[in-house]
Amino acid sequence: MIKGGKMIRRLSVLLVSICLLFGSVTVAMDLNYLGSFEPPREGWVFEGINVGEISGLSLSETGTFFAVGDDRGENIDPPGVLYELEIDLDEAGIHSVDVVSVVHLKAPGGQPYEANTLDGEDVLWMPNGFIVSSERDSENKPWVRMFSPDGKFLSEIPVSEKFIPLFDGEEQVRGVRRNLSFEASAITPDYATLYVMNEQALVQDGEVSTPESGTPVRLIEYDLSGDTPVVIGEYVYVTEPMFTTPPEGKSGDNGVPGMVYVGHITSEFDLIVMERSYVSGAGNQIGLFGVKFENSSDVMGIDALADPDNPQTVSVLEKTPLLIISDTPELTQVDFDPDNMEAIAIGPQLPNGNYTLIIAADNNFNPKYQRNVFAAFEIVP
């Protein structure tokens with residue numbers, strides 16, 4: 001049974017058991033690093049629009065990518081821009097990343113988004129437009145919306161009340177924590193099933209990540225095959241702890257900024273989930289994990305995982321470590337210097353038939369300390 005404050009510890013114990021189990025067998029999928037490309041840290045501009053803060057990435061059927069930046073109006077006015085990118089990629093790596101057009105998203109009333117009314121964290125290309133997730137609006141409420149190819153608002157995708165912040169005086173008692181909401185989304189190749197995940201735990205589900213424990217986040221499953229999107233399941237994914245303990249007076253975290261669907265590529269996994277940890281004084285660490293839905297509990301009917309008056313027994317999503325990319329030399333498995341990696345997408349197939357995987361960084365328009373960088377991997381199932 002999972003009870004109150006014991007929840008994260010016990011979920012973490014289950015998670016460790018799963019990782020040890022998979023660590024004792026050969027993992028069928030490999031991620032081979034192909035190379036990286038770094039666009040300008042500053043002065044990257046297209047038709048007068050600043051380019052940066054890449055937080056979501058998605059491949060279109062024409063071979064170009066669409067990226068969303070999470071600037072809320074400080075560097076891009078009005079906010080809500082999708083960049084169409086040409087990424088020159090082959091088995092030798094990424095040779096260039098160029099913006100070829102932009103799409104301006106429109107609010108439900110048809111007008112441009114005002115400052116602080118969206119925090120675009122992920123984008124999914126679809127034949128009839130885009131799905132965009134926002135981490136917060138002016139009231140810190142997350143949303144997921146559908147847009148036409150030219151950026152016109154089409155419809156809302158429903159979000160359960162359990163994700164909407166609620167306060168009892170100054171104390172938050174429900175919902176996503178500020179700036180730790182919908183960072184990750186994925187869609188199946190038939191565009192019939194959508195997955196959305198919050199970055200760190202809902203207030204009523206548990207604590208944020210620490211050096212000792214991961215944080216439990218919810219993976220929402222939507223059926224898009226009908227006239228109206230419908231939530232058909234929710235599952236619990238537990239992150240790793242921070243990769244190291246912050247120095248005295250410093251901070252750190254670990255959460256989920258992105259994921260992709262890979263069930264059409266390999267039978268081993270349904271998703272690849274990217275975890276991002278930052279610890280002051282130690283830098284960044286990125287973890288890529290294969291995730292399988294099998295044997296996990298549907299928690300859609302459970303409003304609070306950490307309710308001491310209503311303890312729950314939950315089977316979390318199985319996860320298999322695939323790759324660690326770290327600023328700590330003894331931990332990294334790849335000769336690539338990670339940054340604030342937030343975007344992840346399936347890329348084109350190589351001549352050998354294997355798919356590629358691309359991750360990209362959000363530079364926060366902070367060129368002194370952070371950079372725009374893209375890295376590519378070959379998925380070898």
Donor-acceptor pair, [X] side chain versus [Y] backbone, under 3.5 Å?
X	Y	result
Q333	I324	yes
S280	S251	yes
D339	M341	no
T356	P348	yes
Q204	K162	yes
N254	S209	no
S55	E53	yes
N32	F377	no
S297	V299	no
S134	D119	yes

Using a cut-off of 6.0 Å, state whether more than 12 heavy atoms not belonging to [X] lie near its atom [atom1].
X	atom1	answer
N128	CG	yes
E42	CD	no
E170	CD	no
E74	CD	no

If you measure from [atom1] on [X] to [atom2] on [Y], what distance do you get to the nearest 0.5 Å?
X	Y	atom1	atom2	value
Q200	N179	CD	CG	10.5 Å
E221	T188	CD	OG1	9.0 Å
D362	Q370	CG	CD	7.0 Å
W125	S58	CH2	OG	8.5 Å
S148	L154	OG	CG	5.0 Å

Sub-4.5 Å side-chain heavy-atom contact between [X] and [Y]:
X	Y	result
M242	P211	yes
D327	P338	yes
M259	L219	yes
M29	L322	yes
R174	I164	yes
Y278	D253	yes
P165	V176	yes
I344	L357	yes

For the residue pair H264 and Y261, does the interplanar ring angle fall in the parallel (under 30°), tilted (30 to 60°) or perpendicular (over 60°) class?
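The rings of H264 and Y261 lie parallel, inter-plane angle below 30°.
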Minimal non-hydrogen separation, [X] against [Y], with atom names:
X	Y	answer
Q312	I302	OE1-CD1, 3.3 Å
I325	T332	CA-OG1, 3.6 Å
Y83	N50	OH-O, 2.7 Å
L89	A376	CD1-CB, 3.5 Å
G233	Y235	C-CE1, 4.1 Å
A201	G206	CB-O, 3.7 Å

Just distance, no hydrogens or angles: give the donor-acceptor pairs under 3.5 Å from side chains in residues 96-115, sequence neighbours left out.
residue, atom, partner, partner atom, Å
S101, OG, E84, OE1, 2.5
K106, NZ, H104, O, 3.4
Y113, OH, R145, NH1, 3.0

Is it the case that one hydrophobic cluster holds both [X] and [Y], taking links as side-chain heavy atoms less than 4.5 Å apart, direct or via other members?
X	Y	value
I346	F65	no
V159	V68	yes
V81	F147	no
I131	L82	yes
Y33	V260	yes

Within the 3.5 Å criterion, strictly below it, is a donor on [X] or [Y] matched to an acceptor on the partner's side chain?
X	Y	answer
N284	R276	no
E135	S181	no
E91	N352	no

Test Y369 against N364 for side chain to side chain contact (heavy atoms under 4.5 Å, CB included), laying out the working first.
CA-CA 9 Å; Y369 297 105; N364 288 309; over 6 Å; no
Among R218, E318, E275, which residue meets the side-chain hydrogen bond (donor to acceptor under 3.5 Å, both in side chains) test with Y237?
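Exactly one option meets the side-chain hydrogen bond (donor to acceptor under 3.5 Å, both in side chains) with Y237, and it is E275.
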Taking the six-membered ring where the residue is Trp, are the ring centres of F66 and F130 under 6.0 Å apart?
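Ring centres of F130 and F66 closer than 6.0 Å.
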Steps toward side chain to side chain contact (heavy atoms under 4.5 Å, CB included) verdict (T193, I187)
CA-CA 6 Å; T193 307; I187 198 162; over 6 Å; no
Carefully, step by step, assess V291 and D270 under the rule side chain to side chain contact (heavy atoms under 4.5 Å, CB included).
CA-CA 6 Å; V291 173; D270 298 300; 6.0 Å; no
Whether K292 and E294 form a salt bridge (side-chain N of Lys/Arg under 4.0 Å from carboxylate O of Asp/Glu) is what I want to check.
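Not counted as a salt bridge, because no side-chain N and carboxylate O are separated by less than 4.0 Å.
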All salt bridge (charged side-chain N to carboxylate O under 4.0 Å, His left out) counterparts of D70, not counting sequence neighbours
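Partners of D70 under the salt bridge (charged side-chain N to carboxylate O under 4.0 Å, His left out) test: none.
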Considering only residues two or more places apart or on different chains, which pairs with a residue in residues 181-214 satisfy ring pair (Phe, Tyr, Trp, His ring centres under 6.0 Å)?
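For residues 181-214, and leaving out neighbouring residues, the ring pair (Phe, Tyr, Trp, His ring centres under 6.0 Å) pairs sorted by first residue read F163-F182, Y195-F293.
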Partner of I379 under side-chain contact (heavy atoms from CB on, under 4.5 Å), chosen from N354, T266, L350, L31
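Of N354, T266, L350, L31, side-chain contact (heavy atoms from CB on, under 4.5 Å) with I379 is met by L31 alone.
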Step by step, work out the side chain to side chain contact (heavy atoms under 4.5 Å, CB included) result for L85 and F374.
CA-CA 12 Å; L85 305 176; F374 294 72; 4.1 Å; yes
Apply side chain to side chain donor-acceptor pair (under 3.5 Å) to the pair Q285 and S326, showing each step before the final yes or no.
CA-CA 4 Å; Q285 180 162 300; S326 182; 2.8 Å; yes
